[in-house]
Colleague: 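Could you have a look at this structure, given as structure tokens, before my questions?
Every value quoted in this text rests on a predicted model; they were computed, and no experiment measured them.
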Amino acid sequence: MIEGLLGWVKVGDLQPVRLMGVINLSRESFYKGSVASSNEALATARRLQDEGADIIDLGAVSTAPGSPPISEEVEKDRLFAALKEITDNLDIVVSVDTQRAKIAEKALSCGATCINDVSGLHDPDMASKVAEYDGSLIIMASDQRPGDLPLLNQIIPLLGDKVRQAVRAGVALNKISIDPGIGKWIPVRTAAQDLAILDGFDRLRAIGRPVVAALSRKTFIGESLNIPDPGGRLAGSLAATAVAVYLGAHIVRTHDISASLDAIAMAGAIRGRPIVTSDCSMDCDVDEHAVGDMQVEVLGYLGQGMDLAEHLKRIQVDEGAYQLLSRKGSFRILAVRGLSSMEALIIKQEMLARGGDAAIPKLALRCDKRPQEILILGTHAQISSLVRNLKGQPFRLGHLADIIEESWELIDSPERYR
């Protein structure tokens, strides 16, 4: 399960989708409706908070294509008076949108609790400065320039590396969130590329950190709907945001807090809760193997038995093969947590014997005594066979079989949506 902190606000799978209200102190920003002067920032932040914002994102430098370069001194002049006014007068998490470690350091010392870095830690001191103040960090997918990665196959491994880089620099893992960087950050970026990233938004879960959807009124919406003026893109923004939330976004960065509330709430309701089962009160016959509470999460599934059966009937497959083929055609990925090394190794061998597999950590191979997390990869038929076999196995594996069966029942259960 994905859980974290943005400032003092809890974010993740078990939390409501959090709203981050945008205040741009840069007159160069692409959407003039989000621009405020230093004198207007407090009133704007108060309005956004009243509308339902959980977080304020304050930025003083525009990164829109064609925007002029802004010096560090100008960024300071625009940013810090407004930041002080907001942090002195409002009880709300303030994130500062900056690519400069020196600006981030001062912002954190002045009351900001998060840094939103669209450069993807291009400044080598950024992560260590955030760590020094125990701050939260949003890392956007960027290689040489902000937003220069157009494909999820590039974005996902880079963000994974950036998260590990930040942790090595001392940033707490639970305080790191990620942003895939949708938008026309560079002139060659296309609407089709952004639409493809949005369509694959759920793939970002592989990184294991809360995901920010920053889509509000962006160019890909205007190009898709033939609306050149960002002021006319609200409906498109709400539609794109609802899709991102349904596909797993935990934080929505938007210019339109009040208008977004119902769309986000509805998309979250349709998404439902993660498919997670556990047995926290389990007794174990062999104490040395009771290393942690066992938990099963369904990370992914492809194919449902009844749906496949209808396809098989339509192409007139022999009726006796329906059940077997349906189970062979349904694929599952399960994360199992809290196992002993011995339990992990048994599951690995059992899955290999059935033509599936289980990914286990190197520590399990060394019989490490700490709780282990593994991934079980296989068809419905393979994992069902595993479950039947585990029921007669030692340690806690019989209990694990019950937990796996319970997790599968939740895939289609209305209980996930209550």
Colleague: Hey, is the main chain of Ile404 close enough, under 3.5 Å, to the side chain of Ser407 for a donor-acceptor pair?
Modeller: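 Checking the backbone N and O of Ile404 against the side chain of Ser407, a donor-acceptor pair under 3.5 Å is found.
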Colleague: Under the 3.5 angstrom rule, does the side chain of Arg253 hit a backbone N or O of Val212 as a donor-acceptor pair?
Modeller: no
Colleague: Here's a test for you: under side-chain contact (heavy atoms from CB on, under 4.5 Å), which of Asp199, Ile197, Leu198 qualifies with Leu152?
Modeller: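 By the side-chain contact (heavy atoms from CB on, under 4.5 Å) criterion, Leu152 pairs with just one of Asp199, Ile197, Leu198: Ile197.
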Colleague: Should we say atom CZ of Arg145 is surrounded by more than 12 heavy atoms from elsewhere, each under 6.0 Å from it?
Modeller: no
Colleague: With a 3.5 Å distance limit and no angle check, can you tell me whether Ser142 reaches the backbone of Gly147 through a side-chain donor-acceptor pair?
Modeller: yes
Colleague: Mark yes or no for whether Thr190, through its side chain, and Gln193, through its backbone, hold a donor-acceptor pair below 3.5 Å.
Modeller: yes
Colleague: Can you tell me if Ser385 and Arg354 form a side-chain donor-acceptor pair at under 3.5 Å?
Modeller: yes
Colleague: Checking side-chain polar atoms at under 3.5 Å, does Ser119 have a donor or acceptor matched by the opposite partner on Asp117?
Modeller: yes
Colleague: Under 4.0 Å between a Lys/Arg side-chain N and an Asp/Glu carboxylate O for Arg100 and Glu75?
Modeller: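 Yes, Arg100 and Glu75 are salt-bridged.
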Colleague: For side chain to side chain donor-acceptor pair (under 3.5 Å), just list the numbers for Asp293 and Ser278, CA-CA rounded to whole Å, side-chain angles, deciding distance to a tenth of an Å, and then say yes or no.
Modeller: CA-CA 7 Å; Asp293 295 327; Ser278 62; over 6 Å; no
Colleague: State whether the number of non-hydrogen atoms from other residues, nucleotides or ligands found under 6.0 Å of Asp77 atom CG is greater than 12.
Modeller: yes
Colleague: Is a salt bridge present between Arg189 and Asp194, judged by a nitrogen-to-oxygen distance below 4.0 Å?
Modeller: yes
Colleague: Just by distance, no angles: are the side chains of Thr277 and Gln295 close enough, under 3.5 Å, to form a donor-acceptor pair?
Modeller: no
Colleague: Do Arg217 side-chain atoms and Pro230 backbone N/O form a donor-acceptor pair below 3.5 Å?
Modeller: yes
Colleague: Does a donor on one side chain sit under 3.5 Å from an acceptor on the other, for Ser95 and Asp57?
Modeller: yes
Colleague: Answer yes or no for Lys106 and Phe80: cation-pi contact, defined as NZ/CZ to six-membered ring centre under 6.0 Å and angle to ring axis within 45°.
Modeller: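 Ring-cation test returns yes.
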Colleague: Donor-acceptor check, side chain of Arg273 to backbone of Glu415, threshold 3.5 angstrom: yes or no?
Modeller: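 Side chain of Arg273 to backbone of Glu415, a donor-acceptor pair under 3.5 Å: yes, one is there.
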Colleague: Just by distance, with hydrogens left out, do Gln393 and Glu343 show a side-chain donor and acceptor under 3.5 Å apart?
Modeller: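 There is no such pair (donor and acceptor under 3.5 Å, judged by atom type) between the side chains of Gln393 and Glu343.
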Colleague: Looking only at atom types and distance, does a side-chain atom of His255 sit under 3.5 Å from a main-chain N or O of Val22, one as donor and one as acceptor?
Modeller: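 Checking the backbone N and O of Val22 against the side chain of His255, no donor-acceptor pair under 3.5 Å is found.
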Colleague: Is a donor from one side chain sitting under 3.5 angstrom from an acceptor on the other, for Asn153 and Arg203?
Modeller: yes
Colleague: Taking salt bridge (charged side-chain N to carboxylate O under 4.0 Å, His left out) as the cut-off, I'd like each qualifying pair that reaches into residues 124-138, sequence neighbours left out, listed once.
Modeller: Glu105-Lys129, Lys129-Glu132, Asp134-Lys175
Colleague: Looking just at side-chain N and O atoms, do Arg314 and His311 make a donor-acceptor pair shorter than 3.5 Å?
Modeller: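 Result is yes, a qualifying pair exists.
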Colleague: What residues, two or more places apart in sequence or in another chain, satisfy side chain to side chain contact (heavy atoms under 4.5 Å, CB included) together with Asp357?
Modeller: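 Applying side chain to side chain contact (heavy atoms under 4.5 Å, CB included) to Asp357 gives Lys348, Leu352.
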